[in-house]
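Chain A is the first sequence line, chain B the second, and so forth, proteins listed ahead of strands; every chain is numbered from 1. Predicted, not measured: the structure shown is a model, and the values here were computed from it.
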Amino acid sequence: GAVVSQHPSRVICKSGTSVKIECRSLDFQATTMFWYRQFPKQSLMLMATSNEGSKATYEQGVEKDKFLINHASLTLSTLTVTSAHPEDSSFYICSSNRDPYGYTFGSGTRLTVV
Amino acid sequence: AQSVTQLGSHVSVSEGALVLLRCNYSSSVPPYLFWYVQYPNQGLQLLLKYTSAATLVKGINGFEAEFKKSETSFHLTKPSAHMSDAAEYFCACCSGNTPLVFGKGTRLSVIA
């Protein structure tokens with residue numbers, strides 16, 4: 001199979017603090033990881049694409065200095081929300097594509113900033 | 001550019017009735033198409049996918065979808081709805097190692 005483990009599943013943080021979300025590929029090497037954000041009752045919107053060993057590519061309108069992505073190994077990609085504010089509260093999901101299994105998704109992280 | 005349109009943000013059916021969730025796509029290359037289901041506060045679960053083989057694709061939980069190139073559609077169906085089918089459904093496209101493009105989602109309610 002192709003399993004992506006995402007942690008934590010739920011986090012509450014104070015405004016101004018930083019939160020790190022991890023996605024690990026458990027049984028394959030994920031050279032590319034996609035990071036999505038989903039606001040309530042909305043669809044998944046791509047934030048950025050991370051590639052192992054290189055800088056992430058951010059979608060238009062996503063602040064790269066606020067959403068730090070690190071993909072230092074083939075099995076771990078992290079998203080750090082820096083100086084979080086209530087408007088950053090959302091559901092964050094990572095995804096990777098592994099032939100022949102196709103796209104696989106993490107279980108998501110519910111971030112609440114208070 | 002690739003895009004996915006899901007018609008109807010909310011569909012309500014009676015238990016035992018036919019489920020039909022609509023999806024149309026736009027792609028300049030032959031697409032791969034996917035249907036995912038999402039339960040509250042959970043990630044996405046793949047229901048089925050079309051990857052240029054058979055146009056009628058059978059998935060899990062009794063769902064199936066038919067790829068119709070002439071209509072650029074990939075509608076999801078299930079003959080008989082169960083209460084456990086109530087969830088959010090997303091259609092997605094497209095291919096290769098590019099990120100999936102998602103439709104806006106359709107919330108399915110099943111009435112007893």
State yes or no: do [X] and [Y] share one hydrophobic cluster built from I, L, V, M, F, W and Y residues joined by side-chain heavy-atom distances below 4.5 Å, directly or via other members?
{"X": "V110(B)", "Y": "Y89(B)", "value": "yes"}
{"X": "Y58(A)", "Y": "Y36(A)", "value": "no"}
{"X": "V19(B)", "Y": "M83(B)", "value": "yes"}

Keeping S43(A) on the side-chain end and G103(B) on the backbone end, is there a donor-acceptor pair under 3.5 Å?
yes
Item to complete: Determine yes or no for a side-chain-to-main-chain donor-acceptor pair under 3.5 angstrom, with Y103(A) supplying the side chain and P99(B) the backbone.
Response: no
Bottom line for F90(B): the part with an atom under 4.5 Å from chain A's heavy atoms is side chain
Under 4.5 Å to a heavy atom of chain A? For Q38(B) that would be side chain
Between [atom1] of [X] and [atom2] of [Y], what distance do you get to the nearest 0.5 Å?
{"X": "F105(A)", "Y": "Q45(B)", "atom1": "CZ", "atom2": "CD", "value": "12.0 Å"}
{"X": "K41(A)", "Y": "R107(B)", "atom1": "NZ", "atom2": "CZ", "value": "5.5 Å"}
{"X": "L44(A)", "Y": "L44(B)", "atom1": "CG", "atom2": "CG", "value": "5.0 Å"}

Greater than 12 external heavy atoms within 6.0 Å of [X]'s [atom1]:
{"X": "R110(A)", "atom1": "CZ", "answer": "yes"}
{"X": "H7(A)", "atom1": "NE2", "answer": "no"}
{"X": "K64(A)", "atom1": "NZ", "answer": "no"}

The interface call for Q38(A) against chain B, heavy-atom contacts under 4.5 Å, is side chain
